[in-house]
Each structure stands twice: as structure tokens, then as C-alpha cells.
2 protein chains.
Amino acid sequence: MTRNARTYGHFCAVARALERVGDRWSLLVIRDLLTGAKRFTDLMERLGGITPKTLSQRLGELDDAGIVETDREPGRREVWYRLTPAGADLGPIVDGLSWWGLRHAWRWPQPGEPLHAEHLLRSAVQAIGLAGGDHQPARWHFRLDSADYLAESDGHEWSVTASAAPDADAPPDVTVTATTAALAALIFAGADTGVTITGELRAVQRFHRLIGTLAGVTGA
Amino acid sequence: MTRNARTYGHFCAVARALERVGDRWSLLVIRDLLTGAKRFTDLMERLGGITPKTLSQRLGELDDAGIVETDREPGRREVWYRLTPAGADLGPIVDGLSWWGLRHAWRWPQPGEPLHAEHLLRSAVQAIGLAGGDHQPARWHFRLDSADYLAESDGHEWSVTASAAPDADAPPDVTVTATTAALAALIFAGADTGVTITGELRAVQRFHRLIGTLAGVTGA
DNA sequence: CTGGATCCATGATGATACTG
DNA sequence: CAGTATCATCATGGATCCAG
């Protein structure tokens, strides 16, 4: 096993935290689990560039640290990884990094740089929050490249959930159907080709108003 | 030079941020600059365990990234490093890590683990905030191992500043004189041997009440 | 097919010593 | 005081392979 037990040797809570989540890739694994439980290959797909060895190692370390739970059921092939409550408490830190990255480390997509729906949605809702938003609840259902996502606001904070099939008990305000690339074009360039938005007129208008804020934030 | 230009290749603000501050030691350098500008050797002392080579490399990368500013004056030996506004914007992330570390990654001091006054004060004020505090402004002057620190609250957020000589225009509510080890003993074990606290009675009582919260937080 | 493990190359970090 | 230089070690990346 020989788990990475490198420490900083500081009696300091920041150093203690970084001993658990400061390794390369760790916070990105947590980022992708914040939108819901995933399998090894789901994570491999989102974490483009990670090697299976490193992912396996990180999941093991995060499990040891009580941040990730491994769900293996006898007779089931799939292994699901999910955040523990302690792992979910890292949400504000990931959001903070997203906020800072949007403010100070923005870069347009590089050639050949893969774009994942979840990462796009995270940036988008972060930008809405950064721009002030409108402090109203919202419930937006996205169907991108045949996968479902839910972006919702309680009027205060936004969150993104993956694999959220529409729920009859809590219908979305708007439903957006597109490819991830088409949604990116809408958000960054205002081009709505290939994007279908349904919902009540006012809700759709509000969606357009709020989603338009990302270009402004990054252009500043 | 050959600066570390490793990227994640994700079109994602979190990954963009981690490309700049995700390397080992980077956020600890930022942690120590958040309390004020420092020299190379000041940082070496606080970052126990870092090698001069790594510190030099990190400072160069953070300077390139616009997070740290290097202040060299001709004819002066000292080089001062300070955070830029973009660097100061990382404060909430460091505070978030401190909060999480206090909650989920606490460990009592290991044998031989050095304890730095700044790190102790950061944990202490973080714990006060975690425990709820009392949302009153405060201004506490510490003189620990012959160095000055100021912990202050605007009633909402706490901050720590190093090398803050007492300011006649804004006198502190309480003044605490001790060694770092003695203050740690007060905070963690309630032992006030070797700690001198001066100020108005009510302010001193409040200090004792608030500083007593850390043991409770970590014991939970 | 998913969920990894293994081997090797490379690059980042650590330890120690030394210098302008 | 503010770093560099050198060498050793460890973590990560890339490719391939394997078991259920």
C-alpha cells in the first residue's frame, strides 16, 4: 500500500488540511465528487490526464483520510465513490478556488483542451454568484451530451448535481438541451445555435439574463 | 529558470486556480504572507522543513503568477515579499482550509513539532469564529517570544497581523505577554502560568471566555 | 467492459553544502 | 541575508497489461 504520509511538521490547521487534500489531483477528485457519487471510470473521464495509478492512489488516500467512502457491494461490478460529510465540508474551499480562478486565473480554452459539462456548469453558476445574481431560487435542468445535470439556487447559494434525472415532484423552471460545446458557445459568445431552452417565458428570460454574466466577469 | 508550467488541461476555474497555488508549499507561503510582508529568512523560519531551493522556486512562481510582489531596493540587502491584491484574495481559501483542518484534521502537536506564534494565533481566532464568537469588535495585542502580533475582529471577521507594534492611535483592548509555548498551554490546557494579560477587567474577561473555545472545538 | 496493477521514464522535491 | 549548486530520493506521467 505504502500510502503517502508526508507531513509538513507544522502545528497549524492549514498545514494539517493540506496534508490531506494538498496533493496534486486531490482537490480535483473532490471537485468531481461534489456533484454526486461516481465510479472509477466516471472520474477518469472527467479528470482528463490523470493516470489510473494516480487516481487509485488518491482515492485510497482520501478514503484513509475519511473524505471519501468506497461503496463495494458483493455481486456488483461497479465500485462507487462518494464524499463523506467531512468531504462535503470541502465544498466551500472548492467554490473559493473556483471564485479565485474565475477572477484571477482565467484563460480561454486551449486548443484540444477537453470541456466537461460539469466543469462548465460550475463555472457558470460561480460567475452568476460573482456577478451578484438576483437572489431568487432557481432550478435549471440541463441535458448535455445525453447526460442530466441540475443547477439550483436556494436564493443564496448555487449548486450543481450530476446524473439528476428530472424529478416529477420538483419540476425545473427551465430545461436546457444542447451539446456541451453548444452551451459553451452560448455562455461565452452569446450564440444560441443548437441550444433548446424550454420553460415559462419569465423563467427563460431570467435564465438568459443570468447566464450572460460569465462573459462579463472574465472579460473584466 | 525552467519554471513549473505543469497544467491540468481542464477548462475549469478550479483547475486553473490549482495550477497557480496547488503545488506543495505554495499555500503555506501564502498563509505566512497573509499576516504581512516578510523576508526570505522570515519565511524559512516559519515554513520549517522547506528547503531554500524550494522556497526560492515557489516565490518565483507566485511572483510570475501575480500573487506575490518582490520588493528589492538598490543598496539594501533585504528583499521583502508581499502579497498582491490577487494574492490577498486567497485569504478566504486559506481561512477555509484552516476551518476545515480544525474541524476534520486536528492532531495534537507531535514530539519535536515546532510551534510558531503566527500559526497558533491563526488557529485560535479561527476557533473563536468556529465556536460562534460574540460578534463584537476586538483588538488584542500579543507579545510572544519578543515579537509583536495583532489579532483583531471587526465584529464579523478575525484577522492576524505580524510585526504590529502597538499603535498609540488605536490602543488594544488587551495586551498578552508570554512565550508561544505558554500561550499554547493556556489555550489548550487552560494553564495561565507565564502569561500576563493586561487591560480593562471586562476586556480581559472576554478574552478568557473567547480563547477558551479552542479546546472545546478540537475536543469535539 | 470496469477497475484497477505493473513497469519504466521523467520531473519534482528533499538534504546538505556552499557563495555573492 | 538571500539565495545557488549538487546529489539523492520520491512522486507523478505514460504505456501496457491483467483479473473479475
Side-chain angles (χ1 to χ4, degrees), chain A residues 1-10 15 18-29 32-33 37-64 68-82 112 114, chain B residues 1-10 15 18-29 32-33 37-64 68-82 112 163:
Chain A
M1 207 55 84
T2 183
R3 288 280 154 73
N4 181 7
R6 234 184 342 170
T7 60
Y8 283 107
H10 296 188
L18 288 173
E19 286 170 1
R20 282 160 176 75
V21 300
D23 280 340
R24 187 163 163 79
W25 295 107
S26 290
L27 280 166
L28 296 183
V29 172
D32 287 341
L33 289 177
K38 307 226 162 29
R39 295 171 304 173
F40 192 87
T41 43
D42 297 331
L43 290 168
M44 281 296 290
E45 180 203 339
R46 276 151 236 252
L47 293 164
I50 199 172
T51 64
K53 174 180 181 172
T54 302
L55 178 55
S56 176
Q57 199 172 315
R58 289 294 171 276
L59 286 169
E61 292 160 3
L62 292 171
D63 191 319
D64 289 351
V68 163
E69 268 175 359
T70 306
D71 188 349
R72 299 170 198 271
E73 276 188 30
R76 175 155 58 74
R77 293 174 59 83
E78 295 98 44
V79 181
W80 288 83
Y81 297 95
R82 84 167 60 84
Chain B
M1 206 55 84
T2 184
R3 288 278 154 73
N4 181 6
R6 235 186 339 171
T7 60
Y8 283 107
H10 296 187
L18 288 173
E19 286 169 1
R20 282 161 176 74
V21 301
D23 280 339
R24 187 163 162 80
W25 295 107
S26 290
L27 280 167
L28 296 182
V29 172
D32 286 342
L33 290 176
K38 305 230 163 25
R39 295 170 302 175
F40 193 90
T41 42
D42 297 331
L43 290 169
M44 282 296 292
E45 180 204 339
R46 277 151 234 252
L47 293 164
I50 199 172
T51 64
K53 175 180 179 173
T54 302
L55 178 55
S56 175
Q57 200 172 315
R58 290 295 171 273
L59 286 168
E61 292 160 4
L62 293 172
D63 191 320
D64 290 352
V68 162
E69 268 175 359
T70 307
D71 187 348
R72 299 170 198 272
E73 277 189 29
R76 174 156 59 75
R77 286 179 62 84
E78 295 96 42
V79 180
W80 288 84
Y81 296 96
R82 82 167 62 86
S163 308

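Residue numbering restarts at 1 for every chain, and letters A, B, ... go by the order of the sequence lines.
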**Q** With sequence neighbours excluded, tell me which residues meet ring-ring contact (aromatic ring centres under 6.0 Å, His included) with B:Y81.
**A**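 Listed in chain order: nothing, the list is empty.
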
**Q** So, OP1 or OP2 of D:dG3: does either fall under 4.0 Å of a side-chain N or O from B:Y81?
**A**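 Yes, because at least one side-chain N or O of B:Y81 sits under 4.0 Å from OP1 or OP2 of D:dG3.
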
**Q** What is the distance, to the nearest angstrom, from the CD atom on B:E78 to the P atom on D:dG3?
**A**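 Taking CD of B:E78 and P of D:dG3, I get 11 Å after rounding.
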
**Q** With B:Y8, which residues qualify under ring-ring contact (aromatic ring centres under 6.0 Å, His included), at least two apart?
**A**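 ring-ring contact (aromatic ring centres under 6.0 Å, His included) list for B:Y8, sorted by chain: A:W25.
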
**Q** Looking at residues at least two apart in the chain, or sitting in another chain, which of them share a side chain to side chain donor-acceptor pair (under 3.5 Å) with A:R77?
**A**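 Per chain and number, A:R77 pairs via side chain to side chain donor-acceptor pair (under 3.5 Å) with no residue.
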
**Q** Respond yes when some side-chain nitrogen or oxygen of B:S56 is under 4.0 Å from OP1 or OP2 of D:dG3, and no when none is.
**A**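 Checking B:S56 against D:dG3: no side-chain N or O falls below 4.0 Å of OP1 or OP2.
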
**Q** Nearest whole angstrom, please: distance from the P of C:dT2 to the CZ of A:F40.
**A**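 Roughly 12 Å, once rounded to whole Å.
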
**Q** Rounded to the Å, how far apart are B:W80 CH2 and D:dA2 P?
**A**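 Rounding to the nearest Å, CH2 of B:W80 and P of D:dA2 are 8 Å apart.
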
**Q** How would nucleotides 13-20 of chain D be written as a contact map, 5' to 3', with B for base contact, S for sugar-phosphate-only contact and - for no contact, using protein heavy atoms under 4.0 Å?
**A** BB-----B

**Q** For the pair made of CG in B:L47 and P in C:dG14, what is the distance, rounded to whole Å?
**A**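 From B:L47 CG to C:dG14 P: 11 Å.
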
**Q** When the distance from CG of A:D23 to P of D:dA11 is rounded to whole Å, what number comes out?
**A**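 Atom CG in A:D23 sits about 9 Å away from atom P in D:dA11.
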
**Q** Roughly how bent is the helix from C:dC1-D:dG20 to C:dG20-D:dC1 end to end, in steps of 10 degrees, with each end axis from five pairs?
**A**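 Nearest ten degrees gives 40° for this helix.
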
**Q** Report the residues that fulfil side chain to side chain donor-acceptor pair (under 3.5 Å) with B:S163, sequence neighbours left out, ordered by chain and then residue number.
**A**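 Residues passing side chain to side chain donor-acceptor pair (under 3.5 Å) with B:S163: none at all.
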
**Q** Tell me whether the OP1 or OP2 atom of C:dA12 has a side-chain N or O from B:Q57 closer than 4.0 Å.
**A**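 No, no such contact exists.
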
**Q** Starting from P on C:dT2, measure out to CG on A:L59 and report it in whole angstrom.
**A**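 Atom CG in A:L59 sits about 16 Å away from atom P in C:dT2.
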
**Q** Any side-chain to backbone donor/acceptor pair from B:K38 onto B:D32? Under 3.5 Å, distance only.
**A**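 Yes, because the side chain of B:K38 sits within donor-acceptor range (under 3.5 Å) of the backbone of B:D32.
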
**Q** Using the salt bridge (Lys or Arg N to Asp or Glu O under 4.0 Å) criterion, which residues pair with A:R39? Sequence neighbours excluded.
**A**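 If we apply the salt bridge (Lys or Arg N to Asp or Glu O under 4.0 Å) test to A:R39, skipping adjacent residues, the hits are A:D42.
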
**Q** Could you pull out all residues at least two apart from A:T41 that satisfy side chain to side chain donor-acceptor pair (under 3.5 Å)?
**A**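 Partners of A:T41 by the side chain to side chain donor-acceptor pair (under 3.5 Å) criterion come out as none, since no residue qualifies.
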
**Q** Quick one: B:R58 CZ to D:dA2 P, roughly how many Å, whole number?
**A**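 Going from B:R58 (CZ) to D:dA2 (P), I get 20 Å.
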
**Q** Can you give me the closest heavy-atom contact between B:D23 and B:E61, atom names plus distance?
**A**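 That closest heavy-atom pairing would be OD2-OE1, 3.6 Å.
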
**Q** Calculate the interatomic distance between B:E19 atom CD and C:dA12 atom P; express it in whole Å.
**A**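 B:E19 atom CD is separated from C:dA12 atom P by 14 Å.
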
**Q** I'd like to check the salt bridge (Lys or Arg N to Asp or Glu O under 4.0 Å) partners of B:E69; sequence neighbours left out, ordered by chain and number.
**A**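 If we apply the salt bridge (Lys or Arg N to Asp or Glu O under 4.0 Å) test to B:E69, skipping adjacent residues, the hits are B:R82.
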
**Q** Taking the side chain of B:R72 as its heavy atoms from C-beta onward, which of C:dG4, D:dG3, C:dT13 lies nearest to it?
**A**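 Of C:dG4, D:dG3, C:dT13, D:dG3 is nearest to the side chain of B:R72.
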
